Structure formats: C-alpha cells, structure tokens
S.K.: 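A single structure is presented below for examination.
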Protein chains: 2
Amino acid sequence: MNNKELSHVLARAELLCQERGVRLTEQRKTVLQLLCVSDKPLSAYELLDRMRGVVKNPAPPTVYRALDFLLEQGLVHKLESLHAYIGCAHPDHPHASQFLICDNCGEVAEVEDASVAKSLKAAGEAIGFHTRRPVVEVLGTCAQCTAKRNN
Amino acid sequence: MNNKELSHVLARAELLCQERGVRLTEQRKTVLQLLCVSDKPLSAYELLDRMRGVVKNPAPPTVYRALDFLLEQGLVHKLESLHAYIGCAHPDHPHASQFLICDNCGEVAEVEDASVAKSLKAAGEAIGFHTRRPVVEVLGTCAQCTAKRNN
DNA sequence: CGGTTTCGTGAAATAATATAACATCTGTCC
DNA sequence: GGACAGATGTTATATTATTTCACGAAACCG
C-alpha cells in the first residue's frame, strides 16, 4: 500500500470508528499502519517486533488485542492458512473477500468476486447453513512468478 | 462416519496407496481411522492423545508425519480455521472441497460444489493466478443449531 | 465536580500448535 | 547380504495464541 492509500485507509478507519462509537487508540492505529505499510502479511510476532520502536515493551496480548479489535471492525483480515494478518484493501464497505496467495513471492491479492460469494452462499443455503464468516484463501502462484518460472 | 463407511474408506485408502506405490503403514492407518471414527475434527494433539492406546509413546512428529502423508494422498483434510484435521468424506476422486463449519456444535459438512469451484477458478484466472490448493471454509451455524435456537 | 462504571492496557505465565535435527530401524531391490 | 530409500524414535525447540490479575484512562451520570 502506498502513502496516499495509507492516508486514505487511516482517515477512513478514524471515521468508521467514530461513527460506530469505538475507539481507534494509538496502539490500534499503530498495528493498522504497520499492516498497511507492509508489502506482505505479518504474523502476530512480526507485528510485535515492529511495535517495539513505537510502543514501550509490548507483549503478545498487546498485539492480539489490537488485532481482535481491527478484525472486528473489518479493518484487517486474518489469513488462516498463513497465520498472518493483512490490512484490508477496501474498508469502505462491509464485504466478504477472497485471497489469492502466492506460495512463491508471498504476494497476496484481495479480491471481491460476487460470483464466488454468491455460489458459496447458495451452497450453504442448500443445506440450511447460515454463514457468519467465509474463509476463502487460494494458495498457488501469481502471474508474475508463473512468468518468471517459464523463462 | 459409521462402520460401513469406515471400512470402505480404509479399503479405498489401501487400494489408492498400493496403486500409487506408497505405504499406508500402521501408524498412518491408525491416524486415518481415528479421524474417520471421530464425529468432529481433531487437532494434532487430540490425535496424539488418542494414539497412546495404539502406538507406544507417540510424539508430535509421529502424528504430524502421518498427517502430512495422509494430506498428500488426499485421504484427510486440514481445516485451517480450526487447526484441526478431518477424514476425507469421498477419497475416491481428487477434488477441491468446501467445508461448512458450525460454530455451535462443531459439525463439519464437506461439500463439493462445482459452481463454487468454477467461480473461484475463474476469479484466479482473471488475474493470471495459478491455483494449487483452494482453502474454502465457511464458518456459521448449521441447520440443526439454527432450528434449536429459534425454539 | 466527584464517583462509578466501562473499556483499554501492563505484565507474567502458560497453553496450543508445529518443526528441526539427528539417530536408528525396516523394507526393498539388486 | 549390502546398499539404498523411506519410515520411525527421540529430544529439543520454535511459533502462535490465551489466561489471569492488576492498574489506568476515558466516558457517563448524578
């Protein structure tokens, strides 16, 4: 995420939290920023390391608490298959995203494919299942890495 | 999984492994059986506990090695969002399954929805992404639990 | 304003999940 | 039987996540 996007996301996060009557504290903002400026998903302990410069003596609960908050607010996502976290690419609206994760370079693309969401919903409804949170993470190789390998 | 299904799956597993020239050893078969007879997904350490009766002094690598093998052979699945493992409901053919996981009762339904698979594939291809393993786990409430709650 | 309640944080310990490294054994092939 | 590859035994350790209890800050309410 570049600087402009970061500013937008942070401003948007401030606004959303205000609207919702929840508090985007310094620690929470720090974690959100760290995730947004990272070019790859970060594990909780990587975040912990990077917080050392900013927060005094952070412990695991420090980062997990911030992550819990940000996840609840839809400002970050957890990538279950990587045990890692990533800033949400479009926090502007509630959404069910899918993630395309490159095994090779670690790049993660967050996409919002209506057709995927729809067919998933339908598959659940077919057996009376009520969806709370869909986890859709596709592991594979991104276009760039595929191209490189074929050279 | 009932007894008849278990027999079928085990027989099928034996056959598949023979065809592929890989060895379904006692330990591996034990892990597969434990997963199949369980009515819910098991974590690696739950498996470890249940192996104590069968295998002498099992250690974590014992169970993780067996799981790695079984995952490779498509005989079990890993549920990333639960850190747990489950016997494959239909090992007869290679497949990309989706899992509907009930938060309330822990029941997991493995479904193979062609429409989901297709739209996911398309979403990847749209950006040149080459899929290796799709992880699709829908967290929510099963029909039974929804009904109970509304009573 | 002062009291209270709620939410957020600090800190230490520990639980749960997963892997590394290296030695030993077992089955298969020639 | 000797050599090789694959499977297992064993100990230690890495990584991810939660519990618990004490303390502090902000919002709420009179």
Side-chain angles (χ1 to χ4, degrees), chain A residues 13-14 17-32 34-35 38 40-52 54-73 75-86 106 135 137 139, chain B residues 13-14 17-32 34-35 38 40-52 54-73 75-86 106 135 137 139:
Chain A
E14 294 276 15
C17 288
Q18 196 170 0
E19 282 174 9
R20 295 172 186 169
V22 296
R23 287 158 57 196
L24 186 61
T25 62
E26 282 309 309
Q27 290 196 1
R28 291 165 177 176
K29 211 186 307 185
T30 300
V31 169
L32 179 56
L34 287 171
L35 285 176
S38 169
K40 65 175 189 66
L42 297 176
S43 76
Y45 281 73
E46 285 170 338
L47 273 169
L48 191 53
D49 284 341
R50 297 185 187 200
M51 286 181 80
R52 292 192 205 290
V54 188
V55 176
K56 68 142 202 179
N57 200 29
T62 309
V63 61
Y64 281 106
R65 282 167 181 156
L67 285 170
D68 285 347
F69 173 86
L70 296 168
L71 287 166
E72 258 173 29
Q73 300 304 321
L75 298 171
V76 309
H77 297 291
K78 175 169 190 182
L79 299 173
E80 297 286 354
S81 59
L82 300 183
H83 304 290
Y85 304 83
I86 189 172
V135 172
E137 301 173 11
L139 309 178
Chain B
E14 294 276 17
C17 288
Q18 196 169 0
E19 280 174 8
R20 295 171 186 169
V22 295
R23 285 159 59 195
L24 186 61
T25 63
E26 282 310 309
Q27 292 196 1
R28 292 166 175 174
K29 210 185 308 184
T30 299
V31 170
L32 178 56
L34 287 171
L35 285 174
S38 169
K40 66 175 188 66
L42 297 176
S43 76
Y45 281 74
E46 285 170 337
L47 273 168
L48 190 54
D49 284 341
R50 297 184 189 201
M51 286 180 81
R52 291 193 204 292
V54 188
V55 177
K56 69 142 203 181
N57 202 30
T62 309
V63 61
Y64 280 106
R65 282 167 180 158
L67 285 171
D68 285 347
F69 173 86
L70 296 168
L71 287 166
E72 258 173 30
Q73 301 304 321
L75 298 170
V76 309
H77 297 291
K78 176 169 190 181
L79 298 173
E80 297 285 353
S81 59
L82 301 182
H83 304 289
Y85 304 82
I86 190 172
V135 172
E137 302 173 10
L139 308 177

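Chain letters run A, B, ... following the sequence lines, proteins first and then strands; every chain starts at 1. It should be emphasised that the depicted structure is a prediction, and the values quoted were computed from it without experimental measurement. FYI, side chains are in, hydrogens and waters are out, and symmetry mates aren't considered; it's all heavy atoms of this structure.
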S.K.: Within the structure provided, determine whether A:Arg20 and A:Gln73 are in side-chain contact (heavy-atom separation under 4.5 Å).
M.R.: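 They are in side-chain contact.
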S.K.: Check whether any side-chain N or O of A:Asn57 sits under 4.0 Å from OP1 or OP2 of C:dA11, and answer yes or no.
M.R.: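 Yes, such a contact exists.
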S.K.: Whole-Å distance between C:dG10 C1' and A:Leu48 CG?
M.R.: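 Going from CG in A:Leu48 over to C1' in C:dG10 covers 13 Å.
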S.K.: Which distance, rounded to the nearest 0.5 Å, do you find between the CG of B:Leu67 and the OG of B:Ser43?
M.R.: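 Those atoms lie 10.0 Å apart.
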S.K.: Which residue, A:Ala66 or B:Glu80, contacts DNA chain C at a nucleotide closer to its 5' end, judged by nearest heavy atom?
M.R.: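 Its nearest nucleotide lies further toward 5', so the answer is A:Ala66.
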S.K.: Whole-Å distance between D:dT13 P and A:Tyr45 OH?
M.R.: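 Distance, rounded to whole Å: 18 Å.
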S.K.: Can you check the A:Glu72 CD to C:dC7 P distance for me, whole Å?
M.R.: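 Answer to the nearest Å: 12 Å.
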S.K.: Let's see if you can work this out: which of C:dA11, D:dT16, C:dA18 has an atom nearest to the side-chain heavy atoms of A:Ser43?
M.R.: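 Nearest to the side-chain atoms of A:Ser43, counting from C-beta on, is D:dT16.
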S.K.: Under 4.5 Å between any side-chain heavy atoms of B:Phe69 and B:Cys17, yes or no?
M.R.: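 Yes, side chains in contact.
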S.K.: Just how far, in rounded Å, is C1' of D:dA17 from CG of A:Leu67?
M.R.: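 Rounded to the whole Å, the gap is 11 Å.
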S.K.: Would the base of D:dG6 count as contacting B:Arg65 through its side chain, where contact means a donor and an acceptor less than 3.5 Å apart?
M.R.: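 Flag unset: no donor-acceptor pair detected.
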S.K.: So, does A:Lys29 get its side chain near the phosphate of C:dG8, meaning an N or O under 4.0 Å from OP1 or OP2?
M.R.: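 Looking at the OP1 and OP2 atoms of C:dG8, neither is under 4.0 Å from any side-chain N or O of A:Lys29.
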S.K.: If you measure from the Lys or Arg side-chain nitrogens to the Asp or Glu carboxylate oxygens, is any gap between B:Glu46 and B:Lys40 under 4.0 Å?
M.R.: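 Judged by the 4.0 Å cut-off on N to carboxylate O distance, B:Glu46 and B:Lys40 do form a salt bridge.
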S.K.: Please state whether the phosphate of D:dT16, meaning OP1 or OP2, lies under 4.0 angstrom from any side-chain nitrogen or oxygen of B:His83.
M.R.: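 Result: no.
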S.K.: For C:dA18, does either OP1 or OP2 sit under 4.0 Å from a side-chain N or O belonging to B:Lys78?
M.R.: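 Yes, within the criterion.
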S.K.: Between the base of C:dG8 and the side chain of A:Arg28, is there a donor and acceptor pair under 3.5 angstrom?
M.R.: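 A donor-acceptor contact between them is absent.
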S.K.: Test your reading of the model: is there a side-chain donor-acceptor pair from A:Thr30 to the backbone of A:Glu26, 3.5 Å cut-off?
M.R.: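 Yes, the answer is positive, given that a donor and an acceptor are paired below the 3.5 Å cut-off.
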S.K.: Calculate the interatomic distance between B:Gln27 atom CD and C:dG27 atom C1'; express it in whole Å.
M.R.: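 So the two atoms are 15 Å apart, to the nearest Å.
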S.K.: Please figure out whether B:Thr62 or A:Arg23 has its closest DNA chain D nucleotide nearer the 5' end.
M.R.: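 Here B:Thr62 is the residue nearer the 5' end.
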S.K.: Can you tell me how far P of D:dA27 sits from CZ of A:Arg20, to the nearest Å?
M.R.: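 Checked: the CZ to P distance equals 19 Å.
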S.K.: Could you check how far OH of B:Tyr64 sits from C1' of D:dT10, rounded to whole Å?
M.R.: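 Going from B:Tyr64 (OH) to D:dT10 (C1'), I get 17 Å.
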S.K.: If each of B:Glu26 and B:Pro61 is mapped to the nucleotide of DNA chain D with the nearest heavy atom, which maps nearer the 5' terminus, i.e. the 5' end?
M.R.: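 Result of the comparison: B:Glu26.
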S.K.: Take the protein atom CG of A:Leu79 and the nucleotide atom C1' of D:dA17, then report the distance between them rounded to whole Å.
M.R.: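 In whole Å, D:dA17 C1' lies 17 Å from A:Leu79 CG.
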S.K.: Give one of base, sugar-phosphate or nothing for B:Pro58, where a contact means two heavy atoms less than 4.0 Å apart.
M.R.: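 B:Pro58: no heavy atom of the nucleic acid under 4.0 Å.
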